[in-house]
Asks: 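Below is the structure I would like to discuss, written out as structure tokens.
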Amino acid sequence: MKTRTLAFAVLLLPALAACDRPDAPGAAPPGAADTAPEFGEAHAAWARQRADELNRPDGWTSLIGLHWLDADRQRVGGGAQDDIRLAIAPPHLGTLERRADGVYFTADAAAAVTVDGRPLQGEVALQPEGRDGGTQLEYDDGKGRISLIRRGDRLGLRVRHADAPARLQFAGLDFFAPDPAWRVQARFVAHPPGTTLPIANIIGDINDTPNPGYVEFDKDGHRWRLEALGDPQQGLSLNFQDRTSGRETYAVGRYLQTGPVADGATVVVDFNRAYNPPCAYTAYATCPLPPPGNRLAQRDTDGRTVRLAVLAGEKAYAGARH
């Protein structure tokens with residue numbers, strides 16, 4: 001995977017003109033009922049699960065910092081003398097050291113730090129977050145969590161705390177009324193094997209990401225297309241903007257997960273389950289942005305721009321900072 005970097009402002013301008021994957025909510029079951037009250041009940045259960053996951057003690061609302069490592073050796077903690085000062089933490093938790101073979105953390109003798117649930121004695125090599133979760137340092141009896149993330153050539157500490165103001169003041173989620181008409185049958189069109197798509201994130205990195213194909217569907221008298229990420233056999237990821245972006249919904253865009261693509265190259269795209277990226281709730285996430293082709297805009301026969309307004313899924317968060 002290749003990584004390139006551009007200025008943050010240049011990347012974000014297209015996303016904001018219409019005015020980070022994380023724990024992804026599940027896609028709509030392929031056989032979900034399309035009639036009330038079953039459809040509404042299923043949607044309400046999904047919305048409750050979405051809010052619960054977002055506001056877990058280690059969910060996205062618990063983030064209190066993202067600190068990029070800019071020196072080989074840095075003191076970490078909540079004290080004034082610490083090089084990396086955490087928003088919620090006791091004074092001096094330990095020391096972080098970058099070496100040729102990795103990043104190591106040594107706990108202060110007086111700090112009660114655990115690693116993956118076990119008391120930390122001496123030093124530990126930090127594995128970055130990934131599919132296996134990476135190394136988790138905990139403090140404050142498990143309420144505080146520190147992990148290492150890698151973004152391009154940069155390394156940073158992602159810090160969570162169960163007492164984060166964003167979590168304690170969580171305002172709840174708001175959705176459009178569930179509507180079976182926004183649960184559309186789409187056709188999946190595969191790209192040649194090995195096709196990639198440059199995906200920018202909100203901090204300025206661009207990653208060439210596997211792009212298995214696109215989905216197309218009919219709505220409001222037009223045929224629309226969204227480039228897809230993910231594995232067609234497991235489910236597709238669709239990151240998009242639409243005419244509601246920056247108005248009723250989060251300006252940068254929304255995410256959507258599908259179920260597996262069926263044998264006939266069909267897939268259900270349930271816009272009722274479109275949800276906001278983590279960056280809608282915290283300044284400390286590094287969310288991928290929708291690719292330029294996924295703005296749900298096209299030219300009509302008169303040359304005018306037509307945009308689809310997806311009046312379904314999650315609305316803008318009332319307590320959002322962006």
Side-chain angles (χ1 to χ4, degrees), residues 20-35 38-50 53-54 131 173 175-176 178-193 195-197 199 207 209-220 222-242 244-245 249-250 252-278 280 287-297 308-315:
D20 214 198
R21 176 177 157 103
D23 299 336
D34 285 351
T35 57
E38 290 84 359
F39 184 84
E41 291 172 352
H43 183 271
W46 171 82
R48 287 193 298 271
Q49 180 183 8
R50 159 84 178 138
E53 291 179 352
L54 186 65
R131 293 187 181 277
L173 303 180
F175 295 85
F176 290 98
D179 184 354
W182 280 106
R183 188 172 183 271
V184 302
Q185 191 79 8
R187 184 170 73 98
F188 175 71
V189 181
H191 287 316
T195 299
T196 62
L197 185 66
I199 298 294
N207 294 302
T209 306
N211 174 211
Y214 62 89
V215 299
E216 60 180 15
F217 60 94
D218 295 326
K219 191 69 177 173
D220 293 353
H222 294 271
R223 179 158 293 178
W224 306 93
R225 168 173 169 168
L226 289 173
E227 293 292 340
L229 308 177
D231 182 349
Q233 295 183 344
Q234 301 295 322
L236 302 173
S237 298
L238 307 173
N239 300 354
F240 69 94
Q241 284 185 329
D242 67 285
T244 71
S245 300
T249 63
Y250 183 50
V252 172
R254 291 181 285 171
Y255 296 172
L256 192 154
Q257 306 297 127
T258 77
V261 175
D263 291 340
T266 60
V267 63
V268 173
V269 178
D270 190 352
F271 286 100
N272 293 284
R273 299 197 176 186
Y275 62 96
N276 293 333
C287 307
L289 302 174
N294 281 11
R295 294 175 188 163
L296 291 176
L308 182 64
V310 178
L311 303 175
E314 192 173 342
K315 295 184 178 181

Asks: Work out which heavy atom in Thr249 is nearest to a heavy atom in Thr244; give both atom names and the distance.
Replies: OG1-OG1, 2.7 Å
Asks: Who passes side-chain hydrogen bond (donor to acceptor under 3.5 Å, both in side chains) against Asp231, sequence neighbours left out?
Replies: none
Asks: Could you report the tightest heavy-atom contact between Gln241 and Val252, atom names first, then the distance?
Replies: NE2-O, 3.3 Å
Asks: Who are the side-chain contact (heavy atoms from CB on, under 4.5 Å) partners of Asp218, not counting sequence neighbours?
Replies: Arg223
Asks: Mind checking what makes side-chain contact (heavy atoms from CB on, under 4.5 Å) contact with Thr196, not counting sequence neighbours?
Replies: Asp208
Asks: Any salt bridge (charged side-chain N to carboxylate O under 4.0 Å, His left out) involving residues 253-265? Give me the pairs, sequence neighbours left out, ordered by first then second residue.
Replies: Asp242-Arg254
Asks: Over all heavy atoms of both residues, which pair between Pro180 and Phe39 is shortest? Give the atoms and the distance, please.
Replies: N-CE2, 3.7 Å
Asks: For Arg273 and Ala42, work out which heavy atoms get closest and say how close.
Replies: NH2-O, 3.6 Å
Asks: Nearest 0.5 Å, what's the CG-CZ distance between Leu296 and Arg225?
Replies: 12.5 Å
Asks: Kindly say whether the aromatic ring centers of Tyr275 and Trp46 come within a distance under 6.0 Å.
Replies: no
Asks: Roughly how far, to the nearest 0.5 Å, is CH2 of Trp224 from NZ of Lys219?
Replies: 11.5 Å
Asks: Would a distance-only check, ignoring hydrogens and angles, find a side-chain to backbone donor-acceptor pair under 3.5 Å from Thr209 to Asn207?
Replies: yes
Asks: Check whether any side-chain heavy atom of Leu238 sits under 4.5 Å from a side-chain heavy atom of Thr258, and report yes or no.
Replies: yes
Asks: Go through the structure and list residues passing side-chain contact (heavy atoms from CB on, under 4.5 Å) with Ala44, not counting sequence neighbours.
Replies: Arg48
Asks: Asn276: which residues meet the side-chain hydrogen bond (donor to acceptor under 3.5 Å, both in side chains) condition with it, sequence neighbours left out?
Replies: Tyr281, Glu314
Asks: Under the ring pair (Phe, Tyr, Trp, His ring centres under 6.0 Å) rule, collect the residues that match up with Phe240, sequence neighbours excluded.
Replies: Phe271
Asks: Do Lys315's NZ or CZ and the ring of Phe175 fall within the cation-pi criteria of under 6.0 Å and 45°?
Replies: no
Asks: List the steps and the verdict of side-chain contact (heavy atoms from CB on, under 4.5 Å) for Gln233 and Val261.
Replies: CA-CA 6 Å; Gln233 295 183 344; Val261 175; over 6 Å; no
Asks: Do you know which of Asn239, Leu236, Val269 makes side chain to side chain contact (heavy atoms under 4.5 Å, CB included) with Leu256?
Replies: Val269
Asks: Can you name the closest pair of heavy atoms from Pro290 and Gly253 and give their distance?
Replies: CG-CA, 4.2 Å
Asks: Just by distance, do the side chain of Asn272 and the backbone of Ala312 share a donor-acceptor pair under 3.5 Å?
Replies: no
Asks: In chain order, what residues pass the side-chain hydrogen bond (donor to acceptor under 3.5 Å, both in side chains) check against Glu216, with sequence neighbours excluded?
Replies: Arg187
Asks: Under 3.5 Å, is there a donor on one side chain and an acceptor on the other for Glu227 and Asn211?
Replies: yes
Asks: Side chain of Trp182, backbone of Val310: donor and acceptor closer than 3.5 Å?
Replies: no
Asks: Which atoms form the tightest heavy-atom contact between Phe217 and Leu308, and what is the distance?
Replies: CE1-CD2, 4.0 Å
Asks: Check whether any side-chain heavy atom of Ser237 sits under 4.5 Å from a side-chain heavy atom of Gln257, and report yes or no.
Replies: yes
Asks: Output all residues satisfying side-chain contact (heavy atoms from CB on, under 4.5 Å) with Ala190, sequence neighbours left out; order by chain, then residue number.
Replies: Phe188
Asks: Kindly say whether Ala181 contributes a backbone atom to a donor-acceptor pair with the side chain of Asp179 at under 3.5 angstrom?
Replies: yes
